[in-house]
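To start, the structure under review is shown below, and the notes come after it.
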Amino acid sequence: MKTKQFKAESVRLLDLMINSIYTNREIFLRELISNASDAIDKIYYKALTDDNVTFDKDKYFIRLKADKDARTLTVSDTGIGMTYEELEENLGTIAKSGSHDLKTTIEEAEEHDIIGQFGVGFYASFMVAKKVIVESKAYGSDQAYRWSSEGSSGFTIEPCDKKEVGTDIILFLKDNSEDENFDEFLEPYRLQALVTHYSNYIGYPIKMEMEKSRAKEGTEKEPEFETYTEDTILNSMVPLWRKNKNELNEEDYHNFYQEKHFGFDTPLLYTHLSVEGLMSYRAILFVPSQPSYDFYSKDYEKGLALYANGVLIMEKCEELLPDYFAFVKGVVDSEDLSLNISRETIQHNRQLRMIGNRIEQKISEELQNLLKNDRKKYETFYKAFGRQLKFSVYNDYGMHKDKLQDFLLFHSAKNEKLISFKEYIETMQEDQENIYYATGDTIDFIDQLPQVSIVKNKGYDILYLTEEVDEFVFKVIGEYEGKSFKSVSDEASDETEEKVSEEDQKLLDAMKDHLGDAVVKVKTTKQLKDDLVYLSTVGDISIDMEKTLNAMPIPQDIKANKVLEINANHRVFNKLKEAYTEEDQSDFKLYTEVLYNQARIISGLPIEDPLKFTANLTKLMEK
Ligand code: ADP
């Protein structure tokens, strides 16, 4: 039999598991049980919707079996099973997550990190087992197969005998050592405790033979005890959402989040909904504390798990979540939904829209509360998902801006922390008509812009925009409570419209002529202190927007209308004047070009002709 190799990333992950000193390695059981439950979900749904499959509720269960002599723990399920190809594909690679990100994460991450962030699914078995055998018979196939591996050296697959459809996972526990003891995973009471802790709300019975003791018949008066075994269901099976909120605590919800594979972080908030009426349903919703590795990629699929009266009918029902809340995870269960709901009819399904609207409203309320009552937590949320909200304001031509604008925060120059538009307005000066903003890559950079000090000196607060999408968001929102947004550059150039002598005006016009289309105007300013030049703009397109638009996959050749502003109080301005009056204007042209390019550098724009620019600098040095 040929040994097959694991994919490269899987090998690294496996090695990590095998050598794991992760203290929570007991979570391997949760991972295997969740997989088993998913597999049963799939076949259960088939049975319920396909007339050719007989439906017998008792047929669906998970079983644990510990064999102390062989030191094996077996997790069996009556789920959909895996074909030869599925065994090879699903267990030979890290399922779906074999992505770039995961690869680098494995390389960089500490063990705790990776287990915490991604969970590790099936591979977690190797934290406790030196050898793993998977025997599986897929639904609809006659032949069963045995997958077997002793770790990163590879795996084998061969035919085997197995009567029923489903999967048995047999873990050969690692040998005990001085520091580590794996026997706990053979103790029925320990296993029972793990199931209650991690997998209590799995919807199918998790069974195990338990040894119990009872008084022998006829010895009730002076009891003599005997032991017997009894098939016991270890989990409560009542799904969490059917429980009464008052009976549950935070830990229950957090465990449920993990059990459902919503994420491996601790959720930032959860909420439990129970609605009675025209449409009755229950829902549990979570806001994660960090985006999943693929959240900001096009592969990310939003949606909530949808159950019809306890049966999973769709893992990700996207109709239940608006795009702007795509990060929300959770489940919805309704008695009023039919099992045979299909994607096509679902789209127009009034029932789902009703539920979706209520869910949207609920999430919105929860986030508002968080913003009001727990700022620190809200900022964690904003750090994770603020970008999503901003893109959503910008998308669909700003259709959702009214719903979302109060969730946005930006760095305030005065407060030196994130504030909302509302907070900006509240502390505005009486005479102030605009909400001022400035753009740049970092807060420190913006802080040093000449335009920023001009507006700061007037006592106005400024919002600092450091993400590319920010300025587009501002354009889309347009105004907030009657106050319009104004860039500090515009404000600065409004103020710097100064009377200049006829002579100076001639000089400025000559500079503009020399620079051609690069600028729409050259003018002096007295607002600058030590700085010599900067670029302001007129019109709708700012310099940062120009940068963003030109960096798009299909660059749009859009230019901001730039105004070169020169500090008229600076010594250099006098030199410029001298050069202008000279017969030979080559120095004047040289200075003009250098000044313009300096202004570009300050704005973070590339130098258009670096060779010429450095040649110009050289000429200056030679003087
Ligand atoms: P994940 O569960 O995150 O997809 P795993 O590594 O745990 O990742 O599992 C990989 C895949 O193997 C699963 O997506 C599923 O298709 C398959 N699988 C695992 N366990 C079982 C099982 N008990 N029955 C059927 N398929 C399974």
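Whatever order the structure lists them in is the order used to number ligands and atoms, beginning at 1.
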For atom 23 (N) of ligand 1, tell me which residue out of Ile43, Leu87, Asp77 has the closest non-hydrogen atom. Asp77
Tell me whether the rings of Phe385 and Phe327 are parallel (<30°), tilted (30 to 60°) or perpendicular (>60°). parallel
Between Tyr324 and Phe407, ring centroids under 6.0 Å: no
Tyr378, OH atom: more than 12 neighbouring heavy atoms under 6.0 Å: yes
With heavy atoms of Met82 as the reference, note each atom of ligand 1 found under 4.0 Å away. 17 (C), 18 (N), 21 (C), 25 (C), 26 (N), 27 (C)
Centres of the Tyr44 and Tyr204 rings: under 6.0 Å? yes
Which label fits Phe182 and Phe185: parallel for a plane angle under 30°, tilted from 30 to 60°, or perpendicular past 60°? tilted
Based purely on interatomic distance, does Phe122 place a nitrogen or oxygen under 3.5 Å from a nitrogen or oxygen of ligand 1? yes
Specify side chain, backbone, both or neither for Asn90, according to which of its non-hydrogen atoms lie closer than 4.0 Å to ligand 1. both
Flag Lys42 as yes when one of its N or O atoms lies below 3.5 Å from any N or O atom of ligand 1, and as no otherwise. no
